[in-house]
Participant: 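Input: one structure, supplied below.
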Amino acid sequence: MYKPKAGLPTREQILDFIATSDVPAGKREIAKGFGLSAQDKIGLKALLKDMADEGLIDSAPGRAFHKMGGIPKVTVLRIADVDDGGNVWAVPERWEAEGVPPPRLRVRERKRGALGVGERILARTEEAGNGWIAHPMKVLAPASEQVLGVLREEAGRLWLTGVDKRERREFAVADAGGAAPGDLVLAELAGKPPKIAARVVSKLGDPFAARSFSLIAIHKLGIPDVFSQEALDEAERVSKLPLGEGREDLRDLPIVAIDPEDARDHDDAVWAEADDDPSNAGGWKAIVAIADVSFYVRPKSEVDREARRRGNSVYFPDRVVPMLPEILSAEVCSLKEGADRAALACHLRIGKDGSLKSWRFTRAVVRIAANLAYEEAQAIIDGASSVVDDRGDMLSVLQPLWACWHALAKARDARAPLDLDLPERRVVLDEQGRIMSVSPRERLDAHRLIEDYMIAANVAAAKALEAKKAPVMYRIHEPPSREKLAALKEYLETFDVPFALGQVVRPATFNHIIERIGDADFRPQVMEQILRTQTQAYYAPGNHGHFGLSLGSYAHFTSPIRRYADLIVHRSLVSAYGLGEGGLPADDAANMESVGEIISRLERRAMEAERDTTDRYVAAFLSERVGQVMDVRITGVTNFGFFATVEGIGGDGLMPVRDLGGEYFRFDEGARTLTGEHSGDVFAQGQTLELRLAEANPVSGALRFEMPEGKGAAQPPRGGRKPVREIKRRGRPANIRHQGKRR
């Protein structure tokens, strides 16, 4: 790799120059900006090539550069969407940041409604806050647009229906390319409205076949799901590495891994016992052992390049798209019962009040005493006879773990993190991939136990690196913006719930709102609104704290098999503590900001893929109940109708306002209600009512509802608005916090 000599700008200086330049910045502009000599320009060319190879910059048409994950200052965009509010959104036509989803830019039109989906524009771009704005300069000639969809036949003619639930158009098929009705295909669009035709360029198979719904998300979002042969060969080689000398031997300790029953990999395992040190009377010693991925996946290796462009593993009900090749993710790195494994061990001393007294990190060899499912561990602690008879030897191991956890739980309660009751759906499939059930996931103390141990280790990793003045890839969750707090205040006023904007907002502020509401009928919708008020967590090397967890320093350390951010933290710990090979290279340490931006985007892509796939499974599950009347809860209200989810199952569906009756319904944006102009009937977010399921589309994941026959009269709810019918009082769901393995 090229080593910049004195006189050349650093990588960070070049990135700053590109980001702040008023004109597209090519090699000539960069050289001029830094006053480089002719000899220096040769070195600059090599440096820019290195930065491109490292994924820091990309070149735009005309040889100008822009920061990877960014957008050229002048570029060609394609209009991707016009939302229900009339806002126009575009994406870059040329996007070669492999593994990074293209950003969406909000287009500022001079004439409203001038641009339609599929049109191409030359635009000047600017970064605004956390997003991008595009200023159109010229409308360009049309080019082909690609759509993922399913073929259907009607009156002897083929039509393409998009898999995206936001895509309301259908396209006549000019060339099926050998595909048949019912096939999932990738097609190119050509022509102008209303005569847009589709030409199939790739046949992807049967979208309704078992385990096909995740493939739709993989193709739609461009998730890499095939490893290069070079990466597979390298993974095979490194999997045979001996564990090495100098590791702390922890094989005699009964360390256990507690995971979901269907876990594909095992990153973490835990152990605890009472501390015999008089200075920590009543306290505990604990070890959080994490797979030592940095030992096998070295910086700049083929496996590392694949891991960085994926950013994280993606988990679907039917499969996992791993960040690392399976021989590492599911075998050599995975902490499996009875096998010697390389681990990075976080040794914790925990006070009787749950405070972290001290920590240290070592490379170790562990032999996991047991791989337990959450339900199995809980049953052992609870004394369920059938499980205790089978795994009774684990009771003496789990009891001190639980006792130490009670101390950690005290500390958690004292700092009062955000605590929302949010149901999480679980899709259960049989061996053939058919849907057995869709239901809320049960929340146990065993889940909370592992979460609190993981949070403690994550805090220790961040503070340990801070003490060493080493680079940290923080997991950041910033406080809500004033605009979102103002919207929440306006919303709460509709329920006569006070909320002062002048106060210092903490997670406990929102917890107190929920406590004040108690078991009121509108409790679920207020919790959902509080969740929408929160900002999105992200990765960056500058510490801004974790608002939701009420922590000042927080990093992700506990899941390096499935998150690249954790692997970076491991490498930094290896370097800071002098633990051997596989540490953080200097150039990676210098480029943490750009890497954080990339892996944050990739995380959002994975979450979208997982959510969309679950929606498709839910729609497939409900497709056999089309025509039935079922209990639903309104989750969102717009001027064109409201969205509702089936109670206990999930899946969002639209109830169009046109189907509510013959009268005009007035939309109140602040209160999020639709009110009949003559009847006074009200539909409001959070209400429960009965609707008939009119349609369930497994390919798009969309549902559509209609009013049951003879029903449809809404009644005003309490507090000035009556529910469509008396809201059922249900038991409070399990207390769901963000899973510690996702935070």
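Along the sequence shown, residues are numbered consecutively beginning with 1.
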Participant: Is there a side-chain contact between Asn458 and Arg475 in this structure, where contact means two heavy atoms from C-beta onward sitting under 4.5 Å apart?
Facilitator: no
Participant: With a 3.5 Å distance limit and no angle check, can you tell me whether Arg562 reaches the backbone of Asp267 through a side-chain donor-acceptor pair?
Facilitator: no
Participant: When you check the gap from the basic side-chain N to the acidic O, do Arg305 and Glu230 get nearer than 4.0 Å?
Facilitator: no
Participant: Would you please name every residue forming a ring pair (Phe, Tyr, Trp, His ring centres under 6.0 Å) with Tyr577, sequence neighbours left out?
Facilitator: Phe361
Participant: Would you please name every residue forming a side chain to side chain donor-acceptor pair (under 3.5 Å) with Asp612, sequence neighbours left out?
Facilitator: Lys220
Participant: Looking at Arg605 and Gly222, what are the two nearest heavy atoms and their distance?
Facilitator: NH1-O, 3.2 Å
Participant: Is there side-chain contact between Val238 and Val303, with at least one heavy-atom pair below 4.5 Å?
Facilitator: no
Participant: Is the NZ or CZ atom of Arg563 positioned over Tyr539's six-membered ring, under 6.0 angstrom from the centre and within 45° of the axis?
Facilitator: no
Participant: Who are the salt bridge (charged side-chain N to carboxylate O under 4.0 Å, His left out) partners of Arg349, not counting sequence neighbours?
Facilitator: Asp275, Asp277
Participant: Minimum heavy-atom separation for Asp566 to Ser559, with atom names?
Facilitator: OD2-N, 2.8 Å
Participant: Under the side-chain contact (heavy atoms from CB on, under 4.5 Å) rule, collect the residues that match up with Gln229, sequence neighbours excluded.
Facilitator: Leu232, Asp233
Participant: Do Glu302 and Glu306 touch side chain to side chain, with heavy atoms closer than 4.5 Å?
Facilitator: no
Participant: Between Ser313 and Met323, is there a donor-acceptor pair closer than 3.5 Å when you use the side chain of the first and the backbone of the second?
Facilitator: yes
Participant: Could I get the full list of salt bridge (charged side-chain N to carboxylate O under 4.0 Å, His left out) partners for Asp588, not counting sequence neighbours?
Facilitator: Lys300, Arg308
Participant: Less than 4.5 Å apart, any side-chain heavy atom of Leu549 and any of Val459?
Facilitator: no
Participant: For the residue pair Pro322 and Arg310, what are the closest heavy atoms and their distance?
Facilitator: O-NH1, 2.9 Å
Participant: Tell me yes or no: between the side chains of Thr613 and Arg319, is some donor less than 3.5 Å from an acceptor?
Facilitator: no
Participant: Applying ring pair (Phe, Tyr, Trp, His ring centres under 6.0 Å), which residue pairs with at least one partner in residues 457-476 are found, sequence neighbours left out?
Facilitator: none
Participant: Excluding sequence neighbours, so at least two apart, what forms side chain to side chain donor-acceptor pair (under 3.5 Å) with Ser600?
Facilitator: none
Participant: Among residues at least two apart in sequence or on other chains, which ones pass side chain to side chain donor-acceptor pair (under 3.5 Å) with Arg571?
Facilitator: Asp304, Tyr564
Participant: For Lys240, which residues count as a salt bridge (charged side-chain N to carboxylate O under 4.0 Å, His left out) partner, sequence neighbours excluded?
Facilitator: Glu236
Participant: Taking the side chain as C-beta and beyond, is there a heavy-atom pair between Leu335 and Ile255 under 4.5 Å?
Facilitator: no
Participant: For the residue pair Glu478 and Tyr538, confirm or rule out a side-chain donor-acceptor distance under 3.5 Å.
Facilitator: yes
Participant: Which class fits the ring pair His546 and His477: parallel under 30°, tilted 30 to 60°, perpendicular over 60°?
Facilitator: tilted
Participant: Applying side-chain hydrogen bond (donor to acceptor under 3.5 Å, both in side chains) to Asp265 and Tyr315, what does each step give before you reach the verdict?
Facilitator: CA-CA 11 Å; Asp265 47 57; Tyr315 293 88; 2.8 Å; yes
Participant: Would you say that Phe547 contacts Thr535 through its side chain, given a criterion of any heavy-atom pair below 4.5 Å between the two side chains?
Facilitator: no
Participant: Using only atom types and a distance under 3.5 Å, with no angle test, would you say the side chain of Ser575 pairs donor to acceptor with the backbone of Leu584?
Facilitator: yes
Participant: Using side-chain heavy atoms (C-beta onward) and a distance below 4.5 Å, is His219 in contact with Leu204?
Facilitator: yes
Participant: Take atom CD in Glu326; do more than 12 heavy atoms of anything else shown fall under 6.0 Å from it?
Facilitator: no
Participant: Okay, side chain of Thr614, backbone of Glu610: is any donor-acceptor separation there less than 3.5 Å?
Facilitator: yes
Participant: The criterion is salt bridge (charged side-chain N to carboxylate O under 4.0 Å, His left out); which residues satisfy it with Glu466, sequence neighbours excluded?
Facilitator: none
Participant: Locate the shortest heavy-atom distance separating Ala606 from Asn312; write the atom from each residue and the value.
Facilitator: CB-ND2, 3.2 Å
Participant: Sequence neighbours excluded, which residues qualify as side-chain contact (heavy atoms from CB on, under 4.5 Å) partners of Ala343?
Facilitator: Ala289, Val366
Participant: What's the verdict on side-chain contact (heavy atoms from CB on, under 4.5 Å) for Ile450 and Asp268, showing C-alpha distance, side-chain angles and the deciding distance?
Facilitator: CA-CA 9 Å; Ile450 292 300; Asp268 55 85; 4.2 Å; yes
Participant: Go through the structure and list residues passing side chain to side chain donor-acceptor pair (under 3.5 Å) with Thr362, not counting sequence neighbours.
Facilitator: Glu248, His347
